[in-house]
Amino acid sequence: MGMLRCPARSKAADVIEAGERRGRLLRERRLLLALLDGVAVAAAFLIAFNLRSAEIRHEFFAVPGWPMVIVLLTWCVSAELVDGYSLVNTVNPRAAFTTAASALTLSFVALLGVFFIVPYRITRPTLLLWVPLAAALVLSWRTAYQRIFAQAIFAGNLLVIADRRLFDRVWAEAAAGLPGLYCVLEVIEPGRSDLAAHLAELVNGSIKADIVVGFGEGASKLLSSLVAFRERGVRVRLLTDLYEEMTGRLLIEQLDYAWVMSLPMRSEVSELYASFKRGLDISAAAVALGALAILFPFLALAIKLEDGGPILYRQTRLGRYGQPFEILKLRTMSAGSPGDERQTDTNDPRVTRVGRVLRRLHLDELPQAINILRGDMSLVGPRPEQPQHAALLRQGIDFYNLRLSVRPGLTGWAQVNFGYGAGVEGARKKLSYDLYYIRRQGFGLDLLILARTARTVLSFGGR
């Protein structure tokens with residue numbers, strides 16, 4: 001389910017002998033995984049329903065329509081919450097077992113509540129029988145999935161035009177933990193004098209492969225050939241797009257100014273999406289403020305009793321287009337520490353005992369609901385940075401200010417995939433995720449980020 005590095009070949013005959021196989025795309029494999037998961041879950045529910053529901057024992061076989069729809073929807077949401085469709089998790093047997101068990105546990109708890117409110121003749125013994133049946137079928141299917149798609153015959157062939165050293169570095173990073181999705185037949189240096197003729201010889205043979213272009217300078221001399229290949233049905237891709245597909249982040253080193261100039265158009269959103277996002281922001285902020293109103297007296301008392309310092313912590317952050325605003329949090333550090341603006345470390349001694357609990361439960365973030373209502377922040381977006389840190393980072397990281405083209409968020413794609421990143425290298429990696437979000441923001445990605453954030457919160461993953 002990942003990338004297979006095949007031996008490089010210099011002769012066209014050697015490449016053609018690799019065969020005519022062409023693997024499935026990443027999204028197609030995920031879709032197949034989800035569909036067969038659904039079949040396994042539905043089959044388990046049908047068996048459990050017909051074995052345990054007393055009301056239909058006089059029937060030979062019954063199909064409960066709406067209950068099955070509810071079970072499938074619950075499973076899909078639960079699987080998404082635990083990253084059940086991440087191909088990284090499907091490759092590792094232990095991770096596959098953990099995610100399947102977590103998804104089934106969440107589904108079971110949710111279904112107990114749903115079918116208690118709307119019985120649909122679904123009894124608790126039915127659900128209790130469904131869990132082991134579903135576990136057996138899902139794990140059996142996923143084991144077969146791992147073994148089937150680990151075969152080289154399902155790997156997609158790639159002909160890569162790129163500097164070998166650059167490609168080797170990028171390939172190793174993108175392929176980490178994902179063996180078997182692509183097979184590199186040959187890496188062709190872009191400075192090769194007979195580049196177009198050599199590529200045409202390969203493509204005109206019996207081989208079926210995608211062409212991956214990983215260089216900028218000199219690409220114009222190959223443009224007519226690449227257009228001709230596309231007209232014949234050969235898929236031509238950029239190395240940056242392939243990297244993005246595999247890692248969920250952008251290859252910042254390969255971004256050019258043409259991409260940067262087009263980013264504002266890419267980041268423009270429809271009025272429908274903008275209205276949805278703002279409505280979601282207001283609704284979530286209202287709920288958070290309601291929770292804060294209930295908890296605030298107790299939290300304020302605990303903070304005050306520990307060291308007598310202020311309850312709220314205010315700090316200047318950068319918002320959209322670099323506009324400064326004052327972010328609000330419950331104070332989690334000792335009263336003398338807020339002047340120290342360095343980033344928080346793991347087991348930071350400045351964090352108080354009460355603050356450690358608030359951070360682990362993410363309760364210190366509740367006052368940011370006020371920032372969201374004001375429009376300073378959104379529920380989802382790049383995390384807002386302090387002005388002095390942003391000034392330093394933009395000196396060492398190209399295109400750093402692009403993350404300011406959208407509202408900062410309470411949570412974001414970088415947070416759910418990478419977490420806290422210290423130093424310039426950590427900030428660079430976070431930026432690669434932030435730019436991925438800015439480029440692809442939409443309903444689905446926002447909901448995925450919120451689902452992963454909920455999983456982190458429920459696992460008490462704060463620091």
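None of the values given here were measured: they were computed from a predicted structure. Each residue takes its place number in the sequence, starting with 1.
- Surrounding CZ of Arg124 are at most 12 heavy atoms belonging to other residues, nucleotides or ligands under 6.0 Å away.
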Side chain to side chain contact (heavy atoms under 4.5 Å, CB included) evaluation trace for Arg403 with Glu385:
CA-CA 10 Å; Arg403 70 194 305 275; Glu385 190 57 86; 4.0 Å; yes
Start with the C-alpha gap between Trp141 and Leu33, add the side-chain angles, then the distance that decides, and say whether side chain to side chain contact (heavy atoms under 4.5 Å, CB included) holds.
CA-CA 9 Å; Trp141 147 240; Leu33 180 65; 3.8 Å; yes
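- Between Asp37 and Arg142 there is a salt bridge, with a side-chain nitrogen of the basic residue lying less than 4.0 Å from a carboxylate oxygen of the acidic one.
- Below 30°, between 30° and 60°, or above 60°: for Tyr182 and Trp171 the angle between ring planes is between 30° and 60°, a tilted geometry.
- Ion pairing of Asp307 with Arg331 is present here, as a side-chain N (NZ or NE/NH1/NH2) and a carboxylate O approach within less than 4.0 Å.
- Between the side chain of Lys429 and the backbone N or O of Ala414 there is no donor-acceptor pair closer than 3.5 Å.
- Pairing each heavy atom of Leu330 with each of Leu363, the nearest pair is CD1-O, 3.5 Å.
- Of the inter-residue distances, the one linking Ile211 atom CD1 with Asn157 atom CG reads 12.0 Å to the nearest 0.5 angstrom.
- Side-chain contact check for Arg452 and Asn417: at least one donor-acceptor pair (N or O, by modelled atom type) lies under 3.5 Å.
- Rounding to the nearest 0.5 Å places CG of Leu404 at 8.0 Å from CD1 of Ile438.
- For the residue pair Ser78/Ser107, the side-chain donor-acceptor check at 3.5 Å is satisfied.
- Under 3.5 Å, the side chains of Gln415 and Tyr433 contain no donor-acceptor pair of N or O atoms.
- Once rounded to the nearest 0.5 Å, the distance linking OG1 of Thr74 with CD1 of Ile70 reads 7.0 Å.
- Annotation: the span from Trp413 atom CH2 to Leu448 atom CG amounts to 5.0 Å, rounded to 0.5 Å.
- A distance-only check finds a donor-acceptor pair linking the side chain of Lys304 to the backbone of Gly309 [under 3.5 Å].
- Under a 4.0 Å N-O distance rule, the pair Glu306/Arg353 qualifies as a salt bridge.
- In this structure, Pro297 and Ile294 approach most closely via the heavy-atom pair CD-O, 3.6 Å.
- A salt bridge is absent between Arg317 and Glu326; no separation between the charged side-chain nitrogens and carboxylate oxygens falls under 4.0 Å.
- Shortest non-hydrogen contact noted between Val416 and Thr453 is CG1-OG1, 3.4 Å.
- Looking at Asp434 and Tyr400, their side chains never bring a donor and an acceptor atom within 3.5 Å of each other.
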Going through the distances and angles, do Arg235 and Asp241 end up as a salt bridge (charged side-chain N to carboxylate O under 4.0 Å, His left out)?
CA-CA 13 Å; Arg235 206 155 68 106; Asp241 291 337; over 6 Å; no
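- In this structure, Glu244 CD and Leu250 CG are separated by 5.0 Å, a value rounded to the nearest 0.5 Å.
- The two residues Val187 and Arg164 make their nearest non-hydrogen contact at O-NH2, 3.2 Å.
- With hydrogens and angles left out, the side-chain atoms of Thr332 and Arg359 include a donor and acceptor closer than 3.5 Å.
- In this structure, Arg383 CZ and Ile327 CD1 are separated by 5.0 Å, a value rounded to the nearest 0.5 Å.
- A cation-pi arrangement, defined by a distance under 6.0 Å to the six-membered ring centre and an angle within 45 degrees of its axis, is absent between Arg249 and Tyr436.
- In this structure, Ala285 and Ile372 approach most closely via the heavy-atom pair CB-CG2, 4.0 Å.
- Ala209 and Leu158 make their closest contact through CB-N, 4.2 Å (heavy atoms, listed as atom of the first residue, atom of the second, distance).
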